[in-house]
Amino acid sequence: MNTEDRGGSYAISIRALSKTFGSEMAIRKLDLTVSWGDFLVIFGPNGAGKTTLIKILSTITSPTNGEVSIAGFDLKSDSSLIRRNIGVVSHQSQLYQDLSAIENLRFHGKMFSVPGLENRIMEVADIVGIKSILDHKTSVLSHGMQKRVSIARAILHDPPIMLLDEPETSLDQEALSVLKNAINQSERGQRTVLMVTHSLERGWALGDRIAILARGNIVYENNTASLDQSTVIEIYNDLVGRS
Amino acid sequence: MVSFWHTILALVWKDVLLEIRTKDIMISILSFAILSLLILNFALKPSPKTASVIAPGILWVAFTFAGVLGLARTFALEKDQGNLVGLMLAPVSGEALYLGKMLANLMFMLIAELALLPIFAVLFNMSPFQPAFLLVVFVATVGFAAVGTLFSAIGVNTRSRDIMLPVLFLPLVVPVIISAVVASSIALDRGPWVDMVKWIQLMLVFDILAVVLSALAFDQVLRE
């Protein structure tokens with residue numbers, strides 16, 4: 001997808017987003033924009049609202065207030081079009097354990113009406129290195145291999161935007177580079193990525209922009225090029241400790 | 001429209017494949033239903049005269065409670081490993097998701113019921129393989145699966161999901177169960193068709209309302 005084909009001036013645009021669960025406020029008037037092609041990593045401690053943010057952006061949970069636009073589509077009125085434009089990798093594999101890897105991918109491909117499905121499966125299997133285990137039952141695969149199948153599932157429909165919820169869980173260094181490679185290989189150009197994690201080290205290695213989420217709001221944002229990791233750790237400890 | 005039906009077919013085929021591999025739903029339905037039929041048969045010792053009066057009730061008690069067990073499994077399987085979230089991430093309508101799951105549930109329940117009928121025939125000395133009775137079973141099971149699929153989805157996101165499904169679901173399907181028991185009794189006795197029609201019509205109205213309303217509500221039920 002060329003830049004001019006992409007809907008909206010930002011890949012992700014969030015304005016005054018709030019989410020409450022009963023009396024608990026998980027997200028507080030959060031404002032955030034992610035430009036096309038950016039790799040934004042959001043750090044935050046447990047309970048900061050990271051997973052809630054990903055759930056809202058992936059249309060699983062409705063926001064209480066605020067406006068969200070993804071790929072130029074409004075979250076409330078165009079949720080189906082948004083789902084077509086995003087790929088989600090979370091700490092759960094979202095794979096049927098009693099189906100083989102290829103059966104999982106076929107099912108997912110049919111749900112997304114992926115054209116030329118069998119060829120596309122082979123293509124993504126090659127990218128994430130799972131060609132040899134495609135016929136294996138998912139439950140017998142290692143966590144690392146299941147994660148690779150999960151990444152293949154997320155990029156099968158070639159989404160321009162990826163949402164990653166702590167994807168580094170159960171990924172070794174090699175698998176992490178597979179993830180980075182998979183994210184970068186798209187026929188539609190550089191993918192836009194929003195990743196949430198509590199691992200400063202892993203997130204730093206992947207992103208080109210960072211933000212810190214604490215108690216439901218973004219309290220810090222910067223480019224990784226203008227910072228070093230130790231400075232970020234200091235800022236993180238300072239802000240998360242204070243919030 | 002083609003994509004809509006492709007989605008439904010993909011969902012049904014996925015559930016069939018999973019059921020062939022795990023046999024979770026069929027085993028839970030069949031084991032509970034066979035045990036219920038056996039225990040009630042031995043407890044009530046139906047004579048040829050009383051069998052036609054009590055057998056339809058016993059059969060539908062077995063179908064109902066065994067069906068609840070099977071329905072509870074369908075979304076519990078989806079919840080594992082975040083598969084339910086995986087389904088919700090697909091760019092398909094709630095109606096297609098609902099119909100896919102509902103048709104798979106209907107198919108499993110009908111297969112289990114057909115497998116139970118020979119046992120019912122032997123235990124109660126009745127001949128259930130007749131068109132009128134099979135029609136009653138089919139129409140009642142559609143209503144059962146229609147409401148059950150929706151409430152199984154509601155229950156899966158609650159903490160006490162094993163209790164929530166029967167508590168919410170059973171009061172709602174009472175009209176179907178009562179209609180099914182009365183219509184089955186008439187069909188097994190080879191009673192007049194006109195006596196049975198009004199009960200079948202009642203179940204058909206319930207089925208249509210249940211399928212339409214559940215399909216429309218399904219997306220809201222799934223998403224928090």
Side-chain angles (χ1 to χ4, degrees), chain A residues 19 21 26 51-52 54-64 73 75-76 78-100 103-104 106-115 117 137-139 143 146-147 149-150 153-154 156-157 159 163 165, chain B residues 1-27 73-101 104 153 156-159 217-224:
Chain A
K19 177 69 185 177
F21 294 102
T51 298
T52 303
I54 291 288
K55 278 187 170 180
I56 291 171
L57 297 180
S58 54
T59 77
I60 301 297
T61 301
S62 308
T64 308
F73 299 111
L75 187 80
K76 284 173 190 156
D78 304 319
S79 58
S80 183
L81 289 166
I82 286 179
R83 291 198 285 275
R84 203 165 275 287
N85 281 278
I86 58 170
V88 180
V89 179
S90 74
H91 47 272
Q92 286 189 302
S93 71
Q94 294 170 7
L95 300 170
Y96 293 96
Q97 297 294 302
D98 292 293
L99 297 185
S100 67
E103 284 166 345
N104 268 293
R106 271 191 200 122
F107 172 65
H108 183 77
K110 284 175 187 165
M111 296 298 278
F112 277 81
S113 307
V114 173
L117 183 56
K137 198 169 154 183
T138 307
S139 60
H143 282 298
Q146 286 196 30
K147 190 63 95 177
V149 180
S150 191
R153 182 192 51 74
L156 192 63
H157 57 290
L163 303 174
D165 183 7
Chain B
M1 201 61 188
V2 173
S3 170
F4 181 82
W5 289 106
H6 279 168
T7 302
I8 291 170
L9 272 177
L11 277 161
V12 173
W13 178 239
K14 181 265 297 172
D15 278 356
V16 169
L17 265 184
L18 282 172
E19 187 55 27
I20 289 169
R21 307 264 162 86
T22 64
K23 298 165 189 72
D24 268 7
I25 296 168
M26 295 304 272
I27 286 174
R73 285 302 301 154
T74 59
F75 277 95
L77 284 171
E78 294 291 357
K79 193 80 177 169
D80 291 347
Q81 304 294 323
N83 293 319
L84 189 57
V85 171
L87 278 185
M88 289 155 72
L89 287 171
V92 297
S93 65
E95 289 86 355
L97 283 180
Y98 168 77
L99 285 173
K101 293 298 292 181
V156 81
N157 282 324
T158 59
R159 237 177 276 170
F218 201 64
D219 206 50
Q220 286 298 314
V221 163
L222 280 186
R223 294 177 205 281
E224 293 161 29

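Note on naming: letters A, B, ... go to the chains in the order of the sequence lines (proteins, then strands), and numbering restarts at 1 for each one.
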| request: Output yes when a side-chain donor or acceptor of A/His157 lies under 3.5 Å from a complementary backbone atom of A/His108, and no otherwise. | output: no
| field | Interchain contact, A/Ser113 with chain B, by part (heavy-atom threshold 4.5 Å) | value | side chain
| said: Strictly distance-based, threshold 3.5 Å: is any side-chain N or O of A/Gln146 a donor or acceptor partner for the main-chain N or O of A/Thr138? | reply: yes
| request: With sequence neighbours excluded, tell me which residues meet side chain to side chain contact (heavy atoms under 4.5 Å, CB included) with A/Leu99. | output: A/Tyr96, A/Glu103, A/Asn104, B/Lys14, B/Leu17, B/Leu18, B/Arg21
| task | Look at the side chain of A/Arg83 and the backbone N and O of A/Thr59, then say whether any donor-acceptor pair between them is shorter than 3.5 Å. | result | no
| remark: Cut-off 4.5 Å, heavy atoms of chain A, and the answer for B/Leu9 is neither
| In terms of heavy-atom pairs under 4.5 Å, which option from A/Gln94, A/Lys137, A/Gln92, A/Gln97 contacts chain B the most? | A/Gln94
| task | State the CG-OG1 distance between B/Asp15 and B/Thr22, to the nearest 0.5 angstrom. | result | 9.5 Å
| message | Less than 4.5 Å to any heavy atom of chain B: does that hold for the side chain of A/Ser139, its backbone, both, or neither? | response | neither
| task | Let me know if B/Ile8 has heavy atoms under 4.5 Å from chain A in its side chain, its backbone, both or neither. | result | neither
